[in-house]
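Quick note on labels: first sequence line is chain A, next is B, and so on, each numbered from 1. The figures that follow rest on heavy atoms only: side chains count, while hydrogens, waters and symmetry mates do not.
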Protein chains: 2
Amino acid sequence: MTAPILSTKTTALERKTATARVVALLRDQILSGALPEGLQLRQEKLAAELGVSRVPIREALHQLEAEGLVLQESHKGAVVSGLSIDDLEETYEIRARLETWLLELSIPLLGPQHYARAEELLVRMAVDREDEAWSSQNWNFHAALYTPANRPQTLELVRKLYLNAYRHFPLPIRLTGGRDRMNREHQLLLDLCRQGDIERAKDHLEQHILMGARHLINRLKALRRQGKSAT
Amino acid sequence: MTAPILSTKTTALERKTATARVVALLRDQILSGALPEGLQLRQEKLAAELGVSRVPIREALHQLEAEGLVLQESHKGAVVSGLSIDDLEETYEIRARLETWLLELSIPLLGPQHYARAEELLVRMAVDREDEAWSSQNWNFHAALYTPANRPQTLELVRKLYLNAYRHFPLPIRLTGGRDRMNREHQLLLDLCRQGDIERAKDHLEQHILMGARHLINRLKALRRQGKSAT
DNA sequence: GATGTCATTATTGTATCCAATCATTGTCGG
DNA sequence: CCGACAATGATTGGATACAATAATGACATC
């Protein structure tokens, strides 16, 4: 663990600053669940592990705090922040509002190239057995449908909500409710878009999102009753 | 300008850290337009003016960057970021989506105390001639209607969008379209809520928000044609 | 006169050192 | 035995010093 985790390769086009690298690394680790919620982030420990001084660490922590991934209290250090079940549910509700809107704007603008891209992603998701890749392609599928709406801020906002909701949950939990069900729903959504049935497509997308939230939350609650403490 | 701008009073309950004070100050100055868009923020200059070293300045800038208020490029410093007209319009659209949803959730839960609070704010807004206060009370009025929905993350998100949209615009511009019109629309909105007419209330609120955006954008475009450069 | 190169300078990025604050523990008095 | 209080250690916050990088301008060359 004392080896240089941060890629220090100044070779290519990307000559990032140390702070930026620390931010990127910690963000990945938090969103992937490698750094569990509630974990104390000691500046000196991180500095030693990452091979930099404490200054970039501190600047990175402030940045992550502004992003909502860590919480800091004066002179008491930083901890990885978590989402309560209420927060989690609200996150999905916001996604439902914004994504249905994006879809509504997109549908009239979707062309053959968009459908081809979406179908390709669906095939990959049906084949690929790796959960991590599936999750990422799941987002790519959704994003592909929203891109024509040309609302970059909204898309970025929704992306953050998506990632933030998924973090911390061990992979087996994420796909509760069945990837098969999700795949079928995706296919149906795509068909509704092709038919130009905006209203039904919106309804279906809303159900798709909110149902995913419900399954996830139920599983989480069950886990907590078992005392396994996943949040 | 060399005087200590940062309130260094460690007296009261608020013993904030220097970084936090710098963040708060810079955020205020940016959102209020005191620091115009595109302005270069020199670390040493800020440090001297605020009476702290460069370290808190740097940490503050990183935090503001994560909030989207400044942009940083490696070894080139920070500049106050701005909103394009497209960004501005999208901001209002997002608000329209989320605020109508919050209102929908709230209406069945609004009680006498909420209406009393809202009416009080309306009276103050009708009387108060100070633009700055009006703007803040305008938000308070909206927020009062959304509070019962009990969606804290959404409310905070919308608040940030509201503030971010208003920044940089000199006060006389903000209230284009007439405060009287705004006040009438607020009163109508309140009446529709009282009647429990969710659909009409939502429609009216959406028009209220989007119309405000349109007026603002038209004025901005006119200003730019004059070369006054307000964005 | 234009252009490319190199030195200079201004500015940012990082490391090290010092100060301030919080948690813990041990001691004293009841 | 227990609670208040002081000393100590651990950890964060801030300032200074140094290194790295990008902008500027002078100079030489074509």
The helix from C/dG1-D/dC30 to C/dG30-D/dC1: angle between terminal helix axes, five bp per end, to the nearest 10 degrees, reads 0°
A/Leu102 side chain reached by A/Leu145 side chain, heavy atoms, under 4.5 Å:
no
Of all the heavy-atom pairs spanning A/Ala144 and A/Pro148, show the shortest one and how long it is.
O-CD, 3.6 Å
Partner set under side-chain contact (heavy atoms from CB on, under 4.5 Å) for B/Ile209, not counting sequence neighbours:
B/Tyr92, B/Arg95, B/Ala96, B/Glu99, B/Leu205
Checking B/Ser136 now: which residues fulfil side-chain contact (heavy atoms from CB on, under 4.5 Å) with it, not counting sequence neighbours?
B/Asn140
Test of understanding: with ring pair (Phe, Tyr, Trp, His ring centres under 6.0 Å), list the residues that count as partners of B/His208, not counting sequence neighbours.
B/His142, B/His186
Considering every strand and a 4.0 Å limit on heavy-atom distances, what is the contact class for B/Ile57: base, sugar-phosphate, or nothing?
nothing
To the nearest angstrom, the CD-P distance between B/Glu65 and C/dT12 comes to 14 Å
Using a 4.0 Å heavy-atom cut-off across all strands, classify B/Leu61 as base, sugar-phosphate, or nothing.
nothing
Closest non-hydrogen contact found for B/Leu161 with B/Thr91 is O-CG2, 3.7 Å
So do B/Arg97 and B/Ile94 actually touch side chain to side chain, heavy atoms under 4.5 Å?
no
Tell me the interatomic distance from B/Glu44, atom CD, to C/dT9, atom C1', rounded to whole angstroms.
13 Å
What N/O pairs connect the protein and nucleotides 13-16 of chain D at under 3.5 Å? Give each pair on its own line.
| from | atom 1 | to | atom 2 | distance (Å) |
| --- | --- | --- | --- | --- |
| D/dG13 | OP2 | A/Gln43 | NE2 | 3.1 |
| D/dG13 | O3' | B/Thr17 | OG1 | 2.8 |
| D/dG13 | N7 | A/Arg54 | NH2 | 3.0 |
| D/dG14 | OP1 | B/Thr17 | OG1 | 2.8 |
| D/dG14 | OP1 | B/Ala18 | N | 2.6 |
| D/dG14 | OP2 | B/Thr17 | OG1 | 3.3 |
| D/dG14 | OP2 | B/Thr19 | OG1 | 3.1 |
| D/dG14 | N7 | A/Arg58 | NH1 | 2.7 |
| D/dG14 | N7 | A/Arg58 | NH2 | 3.2 |
| D/dG14 | O6 | A/Arg58 | NH1 | 3.4 |
| D/dA15 | OP2 | B/Ser53 | N | 2.8 |
| D/dA15 | OP2 | B/Ser53 | OG | 3.4 |

Taken in chain and number order and not counting sequence neighbours, the residues that satisfy side-chain hydrogen bond (donor to acceptor under 3.5 Å, both in side chains) with B/Arg159 are B/Glu156
From CZ of A/Arg21 over to P of D/dA20, roughly how many Å is that when rounded to an integer?
14 Å
